[in-house]
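Note that these values count all heavy atoms, side chains included, but never hydrogens, waters or copies made by symmetry. What you see is a predicted model, and the numbers here were worked out from it, not measured in a lab.
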Amino acid sequence: MRLSRVATWLCVLVAGALLFTAPAAAQSLNRAAIDDLNEQLLYVALPLTLFVELTLVYAIYRFRNNDTPKPTIDDPALEITWTAATGAILVFVGLSAFFVLSNPYITPAAADTTEPGGDLQNDMEVEVLAYQWGWEFHYPDSNVTTQSRLVIPKDTDVRFTLRSADVIHSFYVPDLGIKQDIFPGQATVARTNATRTGAYRLYCAELCGSGHSRMHATVLVLNQSEYDEWVADRRSGNATASVSGTDNQTARVAARP
C-alpha cells in the first residue's frame with residue numbers, strides 16, 4: 001500500500017511538472033522548431049522512464065524474498081505488445097525529427113518558393129568568411145563589412161553564405177539554433193529569423209587549430225529602426241561613431257529582459 005501511494009504521488013508530480021512548467025520563449029524560428037521537438041520527445045520519454053522505473057521498483061519489492069526463482073515463461077502476446085509499442089514510439093520519433101529537419105530554417109535546401117517566406121531570393125544575405133581565427137561579415141545589400149560582430153534585424157529572414165579561408169570551421173549560435181559546418185573551397189548556407197532582440201554568442205564548433213578557443217564573435221539582433229540606423233552609420237564612413245554606437249547598442253540590448 002505504501003509503495004502504491006509513493007508511485008501515485010510520483011505520477012502526480014511528473015504530470016504537474018509537464019503541465020505547469022512553461023518553456024522560455026525561443027529567440028528564433030530555428031530555436032523554436034528545435035525546442036518543440038525536444039518538448040515532444042520529453043512528453044514521450046518521461047512517462048516511459050517513469051513506467052520502467054516503477055516496474056523495476058515493484059519487481060524488487062515484490063520478489064525480494066523469493067528464494068526459489070523460476071524462469072520466465074514464454075508470453076507471445078506480451079512480446080508482440082512491447083515490440084509493437086517500441087515500433088510505434090520509433091515511428092513517432094522519426095516523423096517528429098523528419099518534420100524538424102525539413103524546416104527551411106533548419107535545412108535551407110528545404111525552402112520552397114511556394115511557401116510564405118520560403119523564397120531564398122527574398123532573404124537578407126550576409127556573407128560570412130571564417131579564418132584562423134576570426135570572423136568577417138559582409139552585407140552585400142548595404143556594402144558594409146564588420147569583424148567579429150554580426151548585426152541582423154529582428155523578424156527578418158536572413159541567409160548566411162558561409163566560406164572558409166583555410167580549414168574546416170563551424171558556424172554555431174546556440175541561442176538562435178544555428179549550426180553549420182564550413183568547408184574550404186565550397187559555400188554552405190544557413191538561415192535564421194531572430195524573433196527576440198539581444199546579444200548572442202557565436203562560436204566555432206570545429207577544432208581548427210591552436211587559436212580555436214578564441215574564435216568567437218557577437219551576434220547582435222536589433223529592431224529594424226536600430227538596424228537601419230546602424231547601417232546608415234557604417235555607410236556614412238563614420239567608423240569611430242559606428243563602433244562606439246554598436247558597443248552601446250550591444251550593452252543596451254543585452255540589458256533588456
When rounded to the nearest 0.5 angstrom, what is the spacing between [atom1] in [X] and [atom2] in [Y]?
| X | Y | atom1 | atom2 | answer |
| --- | --- | --- | --- | --- |
| Gln186 | Asp181 | CD | CG | 10.0 Å |
| Trp135 | Cys204 | CH2 | SG | 5.0 Å |
| Phe160 | Gln180 | CZ | CD | 11.5 Å |
| Ser96 | Leu101 | OG | CG | 11.0 Å |
| Ile152 | Thr197 | CD1 | OG1 | 11.0 Å |
| Leu150 | Glu136 | CG | CD | 12.5 Å |

Is there a side-chain contact between [X] and [Y], using heavy atoms and a 4.5 Å cut-off?
| X | Y | result |
| --- | --- | --- |
| Ser213 | Trp133 | no |
| Tyr139 | Val151 | yes |
| Asp155 | Thr195 | yes |
| Val221 | Arg196 | no |
| Arg235 | Ser142 | yes |
| Asn193 | Lys154 | no |
| Leu56 | Val52 | no |

Indicate if [X] and [Y] have the same hydrophobic cluster label, given that clusters are the connected sets of ILVMFWY residues with side-chain heavy-atom separations under 4.5 angstrom.
| X | Y | result |
| --- | --- | --- |
| Phe183 | Val167 | no |
| Leu129 | Met215 | no |
| Leu202 | Val144 | yes |
| Ile89 | Val100 | yes |
| Val93 | Phe99 | no |

Nearest heavy-atom neighbours spanning [X] and [Y]:
| X | Y | result |
| --- | --- | --- |
| Arg201 | Val173 | O-CG1, 3.6 Å |
| Arg234 | Thr145 | NH2-O, 2.9 Å |
| Arg191 | Asp123 | NE-OD2, 2.7 Å |
| Gln132 | Cys208 | NE2-O, 2.7 Å |
| Thr218 | Ala199 | CG2-CB, 4.4 Å |
| Asp157 | Tyr105 | OD1-OH, 2.6 Å |

Review point. Thr146 and Trp230: side chain to side chain contact (heavy atoms under 4.5 Å, CB included), yes or no, with the steps?
Key: CA-CA 12 Å; Thr146 59; Trp230 175 80; 3.5 Å; yes
Point to revise | side chain to side chain contact (heavy atoms under 4.5 Å, CB included) between Asn103 and Leu29, worked out | key: CA-CA 10 Å; Asn103 186 308; Leu29 297 183; over 6 Å; no
Point to revise | Parallel, tilted or perpendicular, as decided by the 30° and 60° cut-offs, for the rings of Tyr172 and Tyr203 | key: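 Plane angle between 30° and 60°, so tilted.
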Check your understanding: Between the side chains of Gln224 and Asp228, does any donor sit under 3.5 Å from an acceptor?
Key ->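 Yes.
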Practice item. Step through the shown structure and confirm whether more than 12 heavy atoms of other residues, nucleotides or ligands are within 6.0 Å of CZ on Phe92. Key: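 More than 12 within 6.0 Å, yes.
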Check your understanding: More than 12 non-hydrogen atoms from neighbouring residues, nucleotides or ligands closer than 6.0 Å to CZ on Arg64, yes or no?
Key ->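 Yes, CZ of Arg64 has more than 12 neighbouring heavy atoms, counting only those of other groups under 6.0 Å.
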Practice item. Might you work through the side chain to side chain contact (heavy atoms under 4.5 Å, CB included) test for Thr192 and Val158, ending with a clear yes or no? Key: CA-CA 5 Å; Thr192 194; Val158 181; 4.2 Å; yes
Exercise for review: Return yes if some donor-acceptor pair links the side-chain N/O of Ser170 with the main-chain N/O of Glu206 below 3.5 Å, else return no.
Suggested key: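 No, the answer is negative, given that no donor and acceptor are paired below the 3.5 Å cut-off.
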